[in-house]
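What follows is a single structure, written as structure tokens, with notes after it.
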Protein chains: 2
Amino acid sequence: MGLERRQIHVAYAYQRIAEEIESQILEGTLKPGEQLPGETEMAEMFGVTRSTVREGLRRLESEGLVCRPTPRRMVVAIPRIDRLSTRSGRTMALMKVTYRELWQVTLKTEMLAARLAAEMAQDDEIAVLKSLHEDLSGAEGNASRTIELDGRFHSQVARIGKNRVLGLAREPVAHLLFRGFAQVAPFVPQFYKRQIEAHSNVVCAIEARDPIRAETWARKHIEDFWRAVQIAGLEDEAAVNNVKALS
Amino acid sequence: MGLERRQIHVAYAYQRIAEEIESQILEGTLKPGEQLPGETEMAEMFGVTRSTVREGLRRLESEGLVCRPTPRRMVVAIPRIDRLSTRSGRTMALMKVTYRELWQVTLKTEMLAARLAAEMAQDDEIAVLKSLHEDLSGAEGNASRTIELDGRFHSQVARIGKNRVLGLAREPVAHLLFRGFAQVAPFVPQFYKRQIEAHSNVVCAIEARDPIRAETWARKHIEDFWRAVQIAGLEDEAAVNNVKALS
DNA sequence: CAGTGTGTGAATGTCCGACACTAATTCAGT
DNA sequence: ACTGAATTAGTGTCGGACATTCACACACTG
């Protein structure tokens with residue numbers, strides 16, 4: 001076995017500051033929305049310089065544990081999923097994951113999302129979905145607008161299912177996969193119509209509270225996308241070439 | 001419509017520094033593994049003080065875009081999935097997601113993982129899996145060790161499937177769900193045996209390159225866990241009470 | 001009294017300069 | 001050539017400083 005290379009935290013002051021505040025947030029001593037003391041005060045509190053406190057705060061800030069509506073007010077953040085999704089999206093992009101990998105996962109998540117949506121849907125949520133669907137229908141032929149609206153459509157389906165874990169897990173994956181539509185679209189112009197049709201059926205199934213049908217159409221829809229990817233010959237291509245545009 | 005609340009970046013120097021370096025990494029100008037210049041040099045380069053550069057660096061560091069093997073060497077990081085998983089795990093914990101939500105997703109991810117593993121398995125990977133399984137068999141009755149080994153078993157299954165996206169998506173979810181075993185175990189002592197049996201079958205199916213059977217046993221296994229959660233009466237309980245122990 | 005201006009104070013963003021400590025590098029010794 | 005010591009340069013932390021600007025309180029107007 002040999003000696004394991006275990007991380008030794010030399011525990012720099014700025015790290016300890018960050019960890020201390022972090023653990024107070026996670027424990028609940030500091031509640032979301034609560035305001036933190038000023039930098040000077042904290043510096044005094046922890047017995048370090050303001051510069052050091054600042055370095056620690058930068059970390060918390062970037063980890064999304066605190067946020068500042070204005071530079072003057074620093075408050076404990078309310079956790080949001082979309083913050084995270086950009087980050088894992090970026091990781092996947094840097095890993096140069098393939099369409100195949102993205103698709104295998106997306107197929108499952110979108111099927112689940114559709115099923116749950118059909119089980120949990122409320123009327124107002126369906127209304128939102130329909131409105132999105134109409135917008136999308138009007139965007140036929142426009143790739144970038146289609147990507148935008150398609151993403152929102154699928155997100156809304158997931159939201160209707162009221163499973164936050166699914167929302168968290170699927171968002172970056174689906175986002176990355178569907179972005180690829182821009183690469184695929186030129187090869188399969190007929191996909192626009194098929195997509196609209198599939199979405200229609202998903203909406204109907206959700207409205208009819210028919211989980212099985214919703215799941216089935218979601219599957220068809222995502223499988224269809226895979227076929228398009230195959231036609232474009234991109235199965236094992238990296239899904240994102242220019243990470244930059246992820247935003 | 002009213003006035004949209006649009007973010008105005010006042011663009012503090014430290015933010016701009018971070019963004020600049022970040023975009024150079026994402027563009028590929030800076031390649032993973034490459035070493036960054038010293039703080040002093042960067043300060044000069046960007047025309048700001050070292051303190052300012054440092055604040056920016058803290059952010060990159062915490063975002064996992066750069067890492068430092070030693071304080072002296074700061075290099076562009078190679079993206080890793082386990083870095084991210086703690087973060088989304090923490091988010092889910094703060095959201096107080098329920099066992100139900102976790103389970104619904106985990107059921108799908110682990111089924112997919114098992115299937116892909118059976119399709120992709122190589123002999124040496126199976127050997128690792130078997131060894132983990134043996135260790136787990138020996139841990140019967142020990143909840144915390146079971147959680148540890150069970151987590152590693154499932155991760156290994158996922159790794160064998162060679163889908164990095166799935167690995168990324170499932171890790172924090174499965175981790176959080178299986179951690180709950182500690183809460184569940186006292187109610188269902190028989191679960192240890194059932195788990196070992198299920199794992200055995202998964203291993204067999206993977207070794208036999210039988211995707212269907214692997215998926216089936218994964219499903220049984222995770223459904224079994226759900227029954228245990230139900231017996232413990234935790235379906236809609238928050239999966240984690242003390243976020244602290246997440247590490 | 002609600003809503004809008006004004007003013008003061010305090011906190012932030014950034015800078016400068018300094019020092020201990022340690023890791024990377026160089027160089028001497030066998 | 002390899003080991004070990006000496007050098008050097010870079011990091012972690014410190015203290016202080018200043019302009020800017022945001023938060024709060026207060027006065028003003030309708």
Side-chain angles (χ1 to χ4, degrees), chain A residues 3 5-22 24-25 30-78, chain B residues 2-3 5-22 24-25 30-77:
Chain A
L3 182 60
R5 183 190 174 79
R6 197 163 293 176
Q7 267 295 23
I8 305 259
H9 311 284
V10 190
Y12 299 117
Y14 66 83
Q15 281 181 1
R16 306 231 340 240
I17 304 279
E19 278 163 26
E20 176 57 29
I21 299 172
E22 178 177 330
Q24 289 204 23
I25 292 175
L30 286 165
K31 291 186 192 80
E34 193 172 333
Q35 182 165 353
L36 274 71
E39 295 177 354
T40 325
E41 195 176 333
M42 286 176 153
E44 214 173 307
M45 210 169 191
F46 294 115
V48 297
T49 332
R50 198 160 72 91
S51 323
T52 307
V53 170
R54 292 185 117 251
E55 290 187 41
L57 291 179
R58 290 304 148 260
R59 198 179 102 178
L60 294 176
E61 204 178 342
S62 102
E63 295 201 2
L65 271 133
V66 305
C67 66
R68 35 172 124 207
T70 110
R72 272 327 194 358
R73 297 175 52 81
M74 178 148 56
V75 300
V76 178
I78 293 147
Chain B
L3 184 59
R5 182 194 175 77
R6 197 163 295 177
Q7 267 296 24
I8 307 250
H9 330 282
V10 188
Y12 299 116
Y14 65 84
Q15 281 180 1
R16 306 231 337 241
I17 304 277
E19 278 163 27
E20 177 55 30
I21 299 172
E22 178 176 330
Q24 290 205 21
I25 292 176
L30 287 167
K31 291 186 191 78
E34 192 171 337
Q35 182 165 353
L36 276 72
E39 296 177 351
T40 324
E41 196 175 331
M42 286 176 156
E44 212 172 308
M45 209 169 187
F46 294 115
V48 297
T49 333
R50 197 160 71 94
S51 325
T52 306
V53 171
R54 292 184 117 253
E55 290 187 44
L57 291 179
R58 291 303 148 257
R59 197 178 103 180
L60 294 176
E61 204 178 342
S62 104
E63 294 199 3
L65 271 131
V66 304
C67 66
R68 36 173 116 207
T70 107
R72 265 331 190 1
R73 297 175 50 82
M74 180 148 55
V75 301
V76 177

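Proteins get letters first, then strands, A, B, ... in listed order; numbering begins at 1 in each. Just so it is clear, the values below take in all heavy atoms, side chains as well, and ignore hydrogens, waters and symmetry mates. Everything quoted here is computed from the prediction, not taken from an experiment.
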Under 3.5 Å, side chain of A:Glu44 to main-chain N/O of A:Glu41, donor-acceptor pair present? no
Side-chain contact, heavy-atom cut-off 4.5 Å: B:Arg59 with A:Arg59? no
Any heavy-atom pair between the side chains of A:Met74 and A:Leu60 that's under 4.5 Å? no
Would the base of D:dG16 count as contacting A:Arg50 through its side chain, where contact means a donor and an acceptor less than 3.5 Å apart? no
Which of D:dG12, D:dC24, D:dA9 is nearest the side chain of A:Arg73? It is D:dC24
Heavy atoms, side chains only, cut-off 4.5 Å: are B:Val76 and B:Lys31 in contact? no
Under 6.0 Å from the six-membered ring centre of A:Tyr14 and within 45° of its axis: does the NZ or CZ of B:Arg58 meet both? yes
Counting heavy atoms not belonging to A:Arg68, are there more than 12 under 6.0 Å from its CZ? yes
Rounded to whole Å, CZ of A:Arg54 lies from C1' of D:dC14 at a distance of 15 Å
B:Thr70 or B:Tyr14, whichever maps to the more 5' nucleotide of DNA chain C: B:Tyr14
Where does the chain A footprint on DNA chain C start and end, counting 5' to 3' with a 4.0 Å heavy-atom cut-off? C:dA10 to C:dT14
Of A:Ser51 and A:Arg72, whose closest DNA chain D nucleotide lies nearer the 5' terminus? A:Ser51
Given atom CG of B:Leu36 and atom C1' of D:dG10, what is their separation to the nearest angstrom? 14 Å
Between P of D:dC14 and OH of A:Tyr12, the distance in whole Å: 14 Å
Please report, rounded to the nearest Å, how far the P atom of D:dC22 is from the CD atom of A:Glu39. 15 Å
Please classify the nucleic acid contact of B:Thr52 as base, sugar-phosphate, or nothing, using heavy-atom distances under 4.0 Å. sugar-phosphate
